[in-house]
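One is the number of the first residue; the rest follow in order along the sequence.
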Amino acid sequence: MMTQPIQMFESLTSETTPAGRNDTVKAGLTIADRHMIELRARYARAEFVADALGDALLWIGRQYGRLVAGIKADLKLRAAEAQLLRMTDRELADLGLTRGDITFAVREAAEGLAPQIDVVTGNVVAANQNLNRAA
């Protein structure tokens, strides 16, 4: 096993002089030009990160708003269902509802669901049919 010779400090690479030689002289850039390019790159990177963080915060804010609006809407629907469930069967019959129809009636009013009517045949498909339930 051969050992590597000890390198002197001058021959070590760094950010300013890659591989022991100065490439900025070869490219025709002065140290001040290189410094200015690095500064512009840092500012561009910082601007990109700041824009990305701002966009992320706005997205999180919109998602939070949607979550709060969904919870509020659900609470309103539950309150309407509770109000109808407190009614007697006679009062529900006056409204044309049964206890089994309360949840659907409230959701239908909120979401705009309606039965599908085939104009040609006159068949009515109930909007509240549960197709996932096993027969």
Which residues share a side-chain hydrogen bond (donor to acceptor under 3.5 Å, both in side chains) with T103, sequence neighbours left out: none
Can you list, pair by pair, the side-chain donor-acceptor contacts under 3.5 Å of residues 44-72, counting residues two or more places apart and other chains?
none

I31 CD1 to E38 CD distance, which is reported to the nearest 0.5 Å: 9.0 Å
Going by chain and number, the hydrophobic cluster around M36 (ILVMFWY, side chain to side chain under 4.5 Å) further includes none
Looking at CZ of R34 and OG1 of T30, how far apart are the two atoms once the value is rounded to the nearest 0.5 Å? 11.0 Å
Identify every side-chain donor-acceptor pair in residues 74-89 under 3.5 Å, counting partners at least two apart or on other chains, and give the distances.
{"unit_1": "D74", "atom_1": "OD2", "unit_2": "R78", "atom_2": "NE", "d": "2.8"}
{"unit_1": "E81", "atom_1": "OE2", "unit_2": "R107", "atom_2": "NE", "d": "3.4"}
{"unit_1": "E81", "atom_1": "OE2", "unit_2": "R107", "atom_2": "NH2", "d": "3.4"}
{"unit_1": "T88", "atom_1": "OG1", "unit_2": "E91", "atom_2": "N", "d": "3.3"}
{"unit_1": "D89", "atom_1": "OD1", "unit_2": "R99", "atom_2": "NE", "d": "3.0"}

Connecting only ILVMFWY residues whose side-chain heavy atoms lie within less than 4.5 Å of each other, what is the rest of L39's hydrophobic cluster? Y43
Might you point out which heavy atoms bring D101 and L97 nearest each other, and give the distance in Å? CB-CD2, 4.1 Å
